[in-house]
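Every value quoted in this text rests on a predicted model; they were computed, and no experiment measured them. Positions are given from 1 along the sequence.
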Amino acid sequence: MLTCVIRYHIDPNQQGAFAQYARNWGQAIPRCGADLVGYFAPHEGSSTLAYGIYHVKSLADYEAYRARLANDPLGRENYEFAQAQKFLLREDRTWLRKVSG
């Protein structure tokens, strides 16, 4: 099992747009085959850092998931929404594997 942690730098004046983006992924990601842990928006401290976290079984499963997501109507719509609204200033992905029991 691999965990993808996406760190977003968001426009602090568009936290509502990020929340909508997160709710949309909350529907599309599980439907396309990844195990969504959740999306997390700023609450205290930094007003610009947000996270998305999900699990996949392998990088091969990730590639298949990404292909399904690219063909998903809500997935495409959400990507276009983010591009149009420009609330995502930066996006970094880190892949982790669980090493504890």
Side-chain angles (χ1 to χ4, degrees):
M1 182 70 65
L2 298 173
T3 300
C4 182
V5 178
I6 308 168
R7 182 177 63 178
Y8 297 98
H9 291 261
I10 64 171
D11 180 338
N13 298 309
Q14 294 196 61
Q15 287 190 21
F18 179 80
Q20 179 61 50
Y21 177 78
R23 286 190 295 273
N24 290 342
W25 285 138
Q27 296 174 47
I29 288 172
R31 181 172 57 233
C32 291
D35 178 18
L36 180 65
V37 174
Y39 270 74
F40 302 86
H43 178 70
E44 285 289 325
S46 173
S47 62
T48 61
L49 288 179
Y51 295 87
I53 304 170
Y54 61 89
H55 306 296
V56 292
K57 291 181 183 172
S58 67
L59 288 178
D61 285 343
Y62 171 71
E63 292 301 327
Y65 151 78
R66 292 287 293 174
R68 287 188 297 272
L69 195 61
N71 290 314
D72 183 85
L74 183 56
R76 284 193 313 269
E77 179 183 313
N78 211 31
Y79 177 77
E80 291 167 5
F81 171 66
Q83 295 297 308
Q85 297 298 314
K86 300 188 185 313
F87 55 87
L88 299 178
L89 306 177
R90 183 174 167 179
E91 184 177 327
D92 299 307
R93 278 183 174 70
T94 300
W95 287 95
L96 305 170
R97 61 183 171 82
K98 186 175 180 183
V99 294
S100 62

Looking only at heavy atoms, the pair that brings Ala50 and Ala41 closest together is CB-CA, 4.2 Å

Kindly write out the residues that satisfy ring-ring contact (aromatic ring centres under 6.0 Å, His included) with Phe87, not counting sequence neighbours, or none if the list is empty.
-> Tyr21, Phe81

Do Leu74 and Arg31 have side chains that get closer than 4.5 Å, going by heavy atoms?
-> yes

Identify whether Tyr65 and Leu59 are in the same connected component of the hydrophobic contact network (ILVMFWY, side-chain heavy atoms under 4.5 Å).
-> yes

Would you name the heavy atoms of Tyr39 and Ala22 that are closest together and state the gap between them?
-> CB-CB, 3.4 Å

Gln20 side, atom CD; Gln14 side, atom CD - distance, nearest 0.5 Å | 13.0 Å

Drop me the distance from Gln15's CD to Thr48's OG1, to the nearest 0.5 angstrom.
-> 9.0 Å

Contacts of Asp61 meeting side-chain contact (heavy atoms from CB on, under 4.5 Å) (sequence neighbours excluded), chain-then-number -> Lys57, Ser58

Kindly work out whether a path of hydrophobic side-chain contacts (I/L/V/M/F/W/Y, heavy atoms less than 4.5 Å apart) joins Leu36 to Val56.
-> yes

Going by heavy atoms in the side chains, are Leu88 and Ile10 under 4.5 Å from each other?
-> yes

Could you identify which residues cluster with Val5, counting Ile, Leu, Val, Met, Phe, Trp and Tyr as linked when any side-chain heavy atoms lie under 4.5 Å apart, either directly or through a chain of such contacts?
-> Val37, Phe40, Leu49, Tyr51, Ile53, Leu96

Gap between atom OG1 of Thr3 and atom CZ of Arg97 - 0.5 Å precision = 11.5 Å

In this structure, OH of Tyr54 is separated from SG of Cys32 (nearest 0.5 Å) by 11.0 Å

Straight-line distance of Ile6 CD1 to Glu91 CD, nearest 0.5 Å | 5.5 Å

Partners of Arg90 by salt bridge (Lys or Arg N to Asp or Glu O under 4.0 Å), sequence neighbours excluded?
-> Asp92

Residue pairs fulfilling side chain to side chain donor-acceptor pair (under 3.5 Å) with at least one residue in residues 76-89, sequence neighbours excluded | Asn24-Asn78

Taking the six-membered ring for Trp, are Tyr62 and Trp95 ring centroids under 6.0 Å apart?
-> yes

Has Arg93 got more than 12 heavy atoms of other residues, nucleotides or ligands less than 6.0 Å from its CZ?
-> yes

Tell me the salt bridge (Lys or Arg N to Asp or Glu O under 4.0 Å) pairs involving residues 8-21, sequence neighbours left out?
-> none

